[in-house]
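Chain identifiers are assigned alphabetically (A, B, ...) following the order of the sequence lines, protein sequences preceding nucleic acid strands; residue numbering begins at 1 within each chain.
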Number of protein chains: 4
Amino acid sequence: MQAGQVPTFTESARRTQIMNCAIEVLAESGYSGASLAEIARRAGISKSVVLYYFSGKDDLLASVVSDVYGRAGQAIAESLSRHVSPGDKIAAYVRTNLHFLEEHAAEIHAVVEIVSNARGADGTHSFAPQGEDPVLAHLEQLLRDGQDSGDFRTFDAHHLAIIIRSAIDTVSGRLVVDPSFDLAAYTRELLAVVELATVTHRTEDSS
Amino acid sequence: MQAGQVPTFTESARRTQIMNCAIEVLAESGYSGASLAEIARRAGISKSVVLYYFSGKDDLLASVVSDVYGRAGQAIAESLSRHVSPGDKIAAYVRTNLHFLEEHAAEIHAVVEIVSNARGADGTHSFAPQGEDPVLAHLEQLLRDGQDSGDFRTFDAHHLAIIIRSAIDTVSGRLVVDPSFDLAAYTRELLAVVELATVTHRTEDSS
Amino acid sequence: MQAGQVPTFTESARRTQIMNCAIEVLAESGYSGASLAEIARRAGISKSVVLYYFSGKDDLLASVVSDVYGRAGQAIAESLSRHVSPGDKIAAYVRTNLHFLEEHAAEIHAVVEIVSNARGADGTHSFAPQGEDPVLAHLEQLLRDGQDSGDFRTFDAHHLAIIIRSAIDTVSGRLVVDPSFDLAAYTRELLAVVELATVTHRTEDSS
Amino acid sequence: MQAGQVPTFTESARRTQIMNCAIEVLAESGYSGASLAEIARRAGISKSVVLYYFSGKDDLLASVVSDVYGRAGQAIAESLSRHVSPGDKIAAYVRTNLHFLEEHAAEIHAVVEIVSNARGADGTHSFAPQGEDPVLAHLEQLLRDGQDSGDFRTFDAHHLAIIIRSAIDTVSGRLVVDPSFDLAAYTRELLAVVELATVTHRTEDSS
DNA sequence: AATGAATGAGATTTCATTCAT
DNA sequence: CATGAATGAAATCTCATTCAT
């Protein structure tokens with residue numbers, strides 16, 4: 001398995017298998033519980049195999065993160081491209097995010113565990129976006145687009161983006177922990193809140 | 001120190017000192033970085049002293065959690081008692097939470113680190129509320145009160161509570177990581193969103 | 001055991017004990033055989049104890065090197081101070097070096113193992129003198145002094161120093177490996193060679 | 001490749017290639033740095049290939065040693081055969097040794113790394129000559145021949161041989177480490193020392 | 001009240017080697 | 001002829017905890 005070479009079928013299958021086991025363990029047992037030994041045990045292989053396919057634990061975790069991020073980003077981009085009006089775009093953004101979460105709760109939860117816990121030798125977060133968070137910036141831009149087009153009310157796009165993102169991000173943890181969590185209802189409520197928070201409107205008592 | 005005995009002044013001072021150092025380390029270096037050795041080093045004492053005042057690491061972390069929770073709960077309860085209308089109460093709830101966060105960012109962040117990472121021997125979260133989360137239930141109740149009184153629109157109180165809580169909870173991490181985070185602006189925006197999301201209103205284009 | 005503090009008696013005794021065991025193992029089993037496990041086993045303690053008294057394997061090995069170097073340097077300096085003429089100084093240098101070797105064969109051999117094998121993360125020798133080798137420079141200076149005073153013949157001091165040092169350095173390995181090695185005879189022969197190589201003289205056939 | 005069979009051309013070419021890479025790695029990264037993985041990487045082949053051509057790491061290292069030894073021995077024997085007088089023979093020995101070192105510094109250094117570090121399962125040196133060291137014995141015999149013929153002074157042939165050998169052996173390390181090492185000057189100085197140490201002479205002040 | 005000393009469990013990682021293809 | 005896959009042993013190091021003083 002040399003760098004720059006096309007991975008064989010077996011190789012990419014094994015990598016996928018190991019990454020999936022890592023995701024399982026991370027979702028179930030958290031960051032500290034996700035030792036190579038545990039991941040290997042779950043995969044029914046020896047620790048060494050993990051290190052044969054990944055150059056180290058860091059590499060494995062980074063691979064999980066970029067893999068899941070990639071798939072999520074693709075799903076969202078695809079969904080957004082099917083809408084034009086800012087309101088529809090925001091709604092699609094929320095809906096796709098939550099829908100992806102529903103089908104990939106463990107993956108997302110695993111990524112959250114990694115991103116919020118992994119730290120380099122210097123003690124700083126390994127996966128913290130340096131400078132601006134691109135995920136947040138993207139959502140912020142969607143909000144600004146709606147303001148520029150006049151569809152949206154005046155608001156602080158940056159901070160509203162944070163509010164919406166946090167409402168999305170909280171879900172993966174809940175889905176993993178609480179099996180009775182009603183994602184459909186949550187989605188409806190969040191869509192309602194987002195609409196109320198963005199679209200220009202008058203409160204009743206001001207009439 | 002025997003069980004049931006009143007702690008001496010020295011004792012409770014030492015406990016507080018150790019807890020504060022634990023909070024510092026947790027906020028700076030995260031859960032995995034918060035070893036007893038590091039906490040003791042920061043306090044300028046030996047590991048043994050930590051274990052003299054706390055029965056173990058679990059005990060220390062639990063004490064930090066309950067201490068901070070207690071103080072936060074008190075601050076919030078006090079603030080809420082000064083308002084009567086549901087709208088004012090919710091606003092006070094948000095404002096007090098965020099204000100407490102501002103002054104106790106490290107503490108809250110430490111608690112978040114503990115609650116989201118600490119696990120028992122069986123691998124389950126040590127600090128997960130079993131059954132209903134009382135913090136969430138409290139906020140939910142405030143929302144329902146507003147609905148019952150007719151002040152608030154019809155919404156899904158449980159899920160709206162989750163949305164609001166997540167918008168509050170995301171702040172401690174940001175305050176620790178991003179020194180330029182503008183809490184005042186965030187508070188304004190969140191108050192606006194909460195009002196829009198709760199108070200009965202009509203959107204303009206529906207008029 | 002905090003940095004900068006005076007070591008307790010127990011502590012320095014343990015450190016000495018561990019260093020001695022490390023020296024034993026290094027002399028007997030070589031650099032690769034000198035694992036922490038083996039050193040601890042020899043000392044009748046657990047691996048953790050070694051790491052309690054030394055911050056890591058590197059620290060232990062560095063301590064051994066500087067300890068032995070220190071004692072050797074002191075012995076040599078003391079001996080040299082008792083002689084004045086360049087010829088006597090060189091002879092004393094050789095004699096003291098070999099004498100020290102006789103009594104500290106294992107120590108010196110251990111240091112040789114460390115110095116010639118230990119490498120940093122970048123792959124370079126950890127204990128290589130950067131720039132000029134001070135040990136060699138010292139001997140070189142002794143030779144030059146003899147030349148300046150007119151006692152010694154014209155020779156290439158730097159390279160002669162290398163020849164003499166290598167004749168000294170080879171001994172520790174032989175002493176450890178070959179118990180029948182006759183150090184006294186070797187010393188006599190080396191002294192003879194050094195004298196022949198330094199003192200001004202005429203060969204018989206040139207007369 | 002069955003035992004006793006003549007190796008094919010490809011086979012011996014591959015073996016040579018692998019041995020050369022092993023020599024490179026040993027000279028650059030030392031014994032501990034010379035893992036099969038690193039050697040294979042340097043050769044652009046997989047670890048398995050190395051083990052296909054050599055029965056194990058030990059076999060590879062042993063092959064390197066005997067290959068280099070063989071070539072060195074041949075060069076020296078050839079050179080010696082061109083001289084008759086003991087003085088000329090010794091000079092040729094020194095000159096040829098150092099000349100060989102100059103052109104094969106890495107090889108010799110690699111062999112030194114192997115010989116001084118490789119150990120069997122029992123912890124003893126794998127390549128230590130059991131009984132008398134033939135290399136040393138050879139040089140010793142040259143010295144004795146000169147004494148028997150009356151060309152050389154009275155000295156302790158065994159120990160003088162050790163001194164001369166050590167002066168030769170130290171060079172490979174220096175050549176690898178210190179690119180500014182002046183081998184020609186060193187050779188001149190060592191030849192001078194050897195002559196002074198062997199040839200009968202009178203010191204000036206004894207006249 | 002405080003601490004130094006010691007330990008065992010477990011984490012990541014390296015490496016030579018075996019096996020099937 | 002060559003390789004990818006897999007493994008187990010061993011190495012260094014971290015950490016919470018216990019014990020005697």
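- Closest contact between the side chain of A/Leu51 and the listed nucleotides F/dT3, E/dT14, E/dT3 involves E/dT14.
- Residue contacts shown for A/Ser48 include a base, since a base heavy atom lies under 4.0 Å away.
- To the nearest angstrom, P of E/dG4 lies 16 Å from OH of B/Tyr52.
- The two atoms that bring B/Ser32 and A/Asn117 nearest to each other are OG-O, 4.4 Å, heavy atoms only.
- B/Arg14 places its CZ atom 11 Å from the C1' atom of E/dT3, with the value rounded to the nearest Å.
- If you find the closest nucleotide of DNA chain F to B/Ser32 and to C/Ala37, the one lying nearer the 5' end belongs to C/Ala37.
- Positionally, the nearest nucleotide of DNA chain F for C/Gly33 lies more toward the 5' end than for the other of B/Asp58 and C/Gly33.
- Per the geometry, NZ belonging to A/Lys47 stands 11 Å off C1' belonging to F/dA11, to the nearest Å.
- Distance CD (B/Gln17) to C1' (E/dA1): 14 Å, rounded to an integer number of Å.
- The listed nucleotides are F/dA5, F/dT7, F/dA11; the one nearest the side chain of A/Thr10 is F/dA5.
- The nearest whole Å value for the distance from the NZ atom in C/Lys57 to the C1' atom in F/dA10 is 12 Å.
- Along DNA chain E, the nucleotide nearest A/Glu38 and the nucleotide nearest C/Val49 are compared for position; the residue whose nucleotide lies closer to the 5' end is C/Val49.
- Taking a pair to require two hydrogen-bonding distances under 3.5 Å in either a Watson-Crick or a G-U wobble arrangement, F/dT21 pairs with E/dA2.
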Verdict with supporting geometry, A/Arg42 and A/Glu28, salt bridge (charged side-chain N to carboxylate O under 4.0 Å, His left out): CA-CA 12 Å; A/Arg42 182 93 47 137; A/Glu28 276 177 40; 3.1 Å; yes

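- In this structure, CG of B/Leu60 is placed 15 Å from P of F/dC15, rounded to the nearest angstrom.
- Checked by atom type and distance alone, the side chain of C/His125 never pairs as donor or acceptor with a backbone atom of C/Val115 at under 3.5 Å.
- Looking at heavy-atom distances under 4.0 Å, C/Leu36 makes contact with sugar-phosphate atoms alone, never a base.
- The separation between B/Phe54 atom CZ and F/dC15 atom P is 20 Å, rounded to whole Å.
- Minimum interatomic distance between B/Glu113 and B/Tyr31 (heavy atoms only, all atoms of both residues): OE1-N, 2.9 Å.
- Note on A/Tyr53: a side-chain N or O is less than 4.0 Å away from OP1 or OP2 of F/dA6.
- C/Ser29 places no side-chain N or O within 3.5 Å of a backbone atom of D/Gly123 that could act as its donor or acceptor partner.
- Atom-to-atom, CD of A/Glu11 to P of F/dT3 comes out at 15 Å; the value is rounded to the nearest Å.
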